[in-house]
Asker: 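I have a structure here, written as structure tokens, and I will follow up with some questions on it.
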Amino acid sequence: MGKKILVIGQGGREHALIWKLAQSSEVERIYAAPGNPGIAELAYCVDISVNDTDKLLEFALDTGIDLTVVGPEAPLMQGIVDRFRSQGLLIFGPTVRAARLEGSKVFSKRLFEQYRIPTASYEVFDDMYSARVYVRQFTDAGKKVVIKADGLAAGKGVIIADDFIAADRAIEQMMKELAFGKAGERIIIEEYLEGEELSFFAISDGERYVSLMSAQDHKRVYDGDQGPNTGGMGAYTNPPIYNEKLRQQIEKEVIEPTIAAMKNEGCPYTGVLYAGLMLTDEGLKVLEFNARFGDPETQVLMPMIKGDLLPVLEASARGDLDGLELGVETGSCVGVVLASAGYPGSYQKGQYISGLDELDPDTLIFHAGTAYQDGCLVTNGGRVLSVVCRGKDIDDALERVYSQVEKIHFEGMHYRKDIAHRARWSRSY
Ligand code: AMP
Ligand code: GLY
């Protein structure tokens, strides 16, 4: 008998995870809660919200699910892993205490400090007056300063202030106006780091880990990193600054001490360690950790993983990763997000999507905000689709992906035309 897998989520990230898991010879059936039209081609979609832990648990028990994989952070912060484990179910992801690595910046910064994991220098504040005094030491020296809400703020709780006026405004917005809700009652102020930013993904079982690879996201909505932040407009694997030596450095200086620290704190970390890093002149520094796969990074990571992902996710959940490895394909993978007009602000839904049947066969399409309306595929969210291509190198992957993007159309569709631009610039120097 093959295995039954439940994947929680409804975005491009979960579509990519399901696409990869569906290739496992051990899988009999995949369920997605709630899934989306793209996912429905590979899995049975069940209409349960990602936040309805009771119903998800009931479904997993009734259906005899062998492994549950959690996509987004919200269910992790609500303790879905703890609930499933208490019922004897195998689930991939961190417990609620371990998920504090993403859920509380104060927790993670204190952990980095205590265990000498390199990070930007910082202070924690819960009153505006002291916060204002502290930022002066940066702004009076003409330095930028970074203001962060402690809790989860949908990726928006970080403000980089160029001067005192901007810093003061950010503090007021977070602490007085509660622009990010309770997440901003406590803030962190930290030094601004200059350098090359990259993300690194590893899977841990609480003690050991399997490294995946590095990827770079593009957060701003417009070309040249202009405009407001989004959930991510595209990604590519293994930026040029990343190499074998840097991988070993990241493992030794960041991944291994973090896993050891979490274990020592009594909350061993199981699941994905998604490290946001800055390579500065003074060395590697951690910006933050996320407790889950990235979106849209997963859409480019999954096609680059060689072999079966399922045994690694199961072993992480069980705590026995010993001896397991994941190979990585050669070349590069690039993903471009197609977004609705107006995104990341308000946008229209229900635009007819055309061109998907004209794509080259090796193009991957991962759905995020799509729906069926009268039998036609239409837009149903801000980020609509990820178009993903592998190539023998970044240029090849880029050429392929943009030649496919041009074939797709919906009213108001917009996308970044400069995904992986940092990789191209750094190569042409
Ligand atoms: P975070 O959510 O902490 O990763 O911050 C979001 C983004 O803000 C990061 O991806 C960086 O681009 C930027 N950022 C955060 N902290 C710093 C810092 N100390 N110096 C420079 N940029 C930062
Ligand atoms: N791509 C950014 C994130 O998943 O948080």
Side-chain angles (χ1 to χ4, degrees), residues 9 11-14 16-17 70-74 76-77 99 101-109 112-113 118-123 135 138 143-162 167 170 174 180 183-184 187-201 214-221 225 228-237 239 254 271-282 284-302 335-337 339 344 366 368 382-383 386 416 419 422:
R13 164 181 48 206
E14 290 77 21
L17 279 167
V70 186
E73 62 274 22
L76 297 171
M77 308 300 161
L101 203 51
E102 170 168 357
S104 168
K105 288 190 189 290
V106 171
F107 171 81
S108 57
K109 290 293 281 192
F112 301 155
E113 187 177 34
T119 191
S121 61
Y122 75 103
E123 289 284 339
V135 293
F138 297 99
K143 289 184 187 159
K144 294 186 199 177
V145 63
V146 185
I147 326 265
K148 300 185 173 184
D150 174 37
L152 283 179
K156 297 189 186 112
V158 174
I159 295 177
I160 295 169
D162 288 339
M174 284 188 196
F180 306 112
I187 62 165
I188 285 174
I189 296 179
E190 67 179 36
E191 74 174 307
Y192 176 79
L193 299 172
E194 302 262 9
E196 280 272 0
E197 197 173 337
L198 79 160
S199 300
F200 184 80
F201 295 84
S214 172
Q216 232 166 24
D217 184 10
H218 297 63
K219 287 232 176 268
R220 302 299 187 102
V221 68
D225 293 328
N229 267 333
T230 68
M233 294 297 288
Y236 66 107
T237 55
V254 177
V272 182
L273 279 169
Y274 160 178
L277 306 165
M278 189 76 91
L279 189 57
T280 72
D281 289 345
E282 291 165 16
L284 201 57
K285 309 237 169 153
V286 184
L287 293 175
E288 63 158 358
F289 269 107
N290 290 313
R292 50 173 175 85
F293 279 112
D295 188 342
E297 290 95 324
T298 308
Q299 291 90 309
V300 294
L301 292 178
M302 291 301 131
V336 178
V337 169
F366 296 119
R383 292 193 292 176
S386 287
R416 277 186 61 163
I419 298 303
R422 291 186 209 100

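For ligands, and for the atoms within them, numbers begin at 1 and follow the listed sequence. These numbers were taken from a predicted model, which means no experiment stands behind them.
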Asker: What residue and atom, counting heavy atoms only, is the protein's closest point to atom 5 (O) of ligand 2, and at what distance?
Answerer: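 The closest heavy atom on the protein side is Arg292 NH2, 2.8 Å.
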Asker: For ligand 2, which atoms sit closer than 4.0 Å to a heavy atom of Gly231?
Answerer: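 Ligand 2 atoms under the 4.0 Å threshold to Gly231: 1 (N), 2 (C).
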Asker: One residue to check: Lys148. Relative to ligand 1, which of side chain, backbone, both or neither has a non-hydrogen atom less than 4.0 Å away?
Answerer: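 The side chain, only.
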Asker: Decide whether the shortest distance between a heavy atom of Gly232 and an atom of ligand 2 is less than 4.0 Å.
Answerer: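 No, that is not the case, since the closest heavy atom of the residue is not under 4.0 Å from the ligand.
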Asker: Relative to the heavy atoms of Asp217, which atoms of ligand 2 are at a distance of less than 4.0 Å?
Answerer: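 That gives atoms 1 (N), 2 (C) of ligand 2.
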Asker: Which of the atoms in ligand 2, numbered in the order shown and given with their element, are less than 4.0 Å from a heavy-atom of Lys219?
Answerer: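 Those atoms are 2 (C).
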Asker: Is the shortest side-chain heavy-atom distance between Arg416 and Asp225 below 4.5 Å?
Answerer: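 Side-chain contact under 4.5 Å: yes.
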Asker: Examine the proximity of ligand 1 to Lys105 and report which part, side chain or backbone, both or neither, has a heavy atom under 4.0 Å away.
Answerer: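 Within the 4.0 Å criterion, Lys105 contacts ligand 1 through side-chain atoms alone.
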Asker: Taking 4.0 angstrom as the limit, do Lys109 and Glu190 come out as a salt bridge?
Answerer: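 Answer for the salt bridge query: yes.
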Asker: Parallel, tilted or perpendicular: which one describes the rings of Phe293 and Phe201, with boundaries at 30° and 60°?
Answerer: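 Judged by the thresholds at 30° and 60°, the geometry between Phe293 and Phe201 is parallel.
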Asker: Does the side chain of Val158 reach to within under 4.5 Å of the side chain of Asn229, using non-hydrogen atoms?
Answerer: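 Heavy-atom side-chain distance check fails, nothing below 4.5 Å.
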Asker: Could you see which bit of Arg13 sits under 4.0 Å from ligand 2, with heavy atoms only: side chain, backbone, both or neither?
Answerer: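 For Arg13, there is no contact with ligand 2 at all, from either part.
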Asker: So if I count the atoms of ligand 1 from 1 in the order they appear, which ones are less than 4.0 Å from some heavy atom of Glu190?
Answerer: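 Under 4.0 Å from Glu190, ligand 1 has these atoms: 16 (N), 17 (C), 18 (C), 19 (N).
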Asker: Which atoms of ligand 1 have any heavy atom of Val146 under 4.0 Å away?
Answerer: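 Those of ligand 1 that fall under 4.0 Å from Val146 are 16 (N), 17 (C), 18 (C), 19 (N), 20 (N).
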Asker: Got a second to check how far Ser121's OG is from Glu113's CD, nearest 0.5 Å?
Answerer: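 Rounded to the nearest 0.5 Å, the OG-CD separation comes out at 9.5 Å.
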Asker: Nearest heavy-atom pair of Ala120 and Lys285: which atoms, and what distance?
Answerer: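 Minimum heavy-atom separation between Ala120 and Lys285: N-CD, 4.2 Å.
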Asker: Looking at CG of Asp281 and CD of Glu194, how far apart are the two atoms once the value is rounded to the nearest 0.5 Å?
Answerer: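 Interatomic distance, Asp281 CG to Glu194 CD, rounded to 0.5 Å: 9.0 Å.
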Asker: State whether Lys143 and Glu191 are salt-bridged, where the test is any N-O pair (Lys NZ or Arg NE/NH1/NH2 against Asp/Glu carboxylate O) under 4.0 Å.
Answerer: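 Looking at Lys143 and Glu191, the cut-off is not met.
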Asker: Determine, considering heavy atoms only, which of Ile188, Asp225, Val158 sits nearest to atom 8 (O) of ligand 1.
Answerer: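 Among Ile188, Asp225, Val158, the closest heavy atom to atom 8 (O) of ligand 1 belongs to Val158.
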Asker: Write down the atom of Leu76, the atom of Ala291, and the distance for their closest heavy-atom approach.
Answerer: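 Scanning both residues, the minimum pair turns out to be CD1-O, 3.4 Å.
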Asker: Answer yes or no: does an N/O atom from Glu191 fall short of 3.5 Å to an N/O atom of ligand 1?
Answerer: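 Yes, Glu191 has an N/O under 3.5 Å of an N/O on ligand 1.
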Asker: Below 3.5 angstrom, do we get any N/O pair linking Leu193 and ligand 1?
Answerer: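 Yes - when backbone and side-chain N and O of Leu193 are compared with those of ligand 1, one distance drops under 3.5 Å.
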Asker: Looking at Gly294, which atoms of ligand 2 are within less than 4.0 Å of one of its heavy atoms?
Answerer: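 Numbered from 1, ligand 2 contributes 4 (O).
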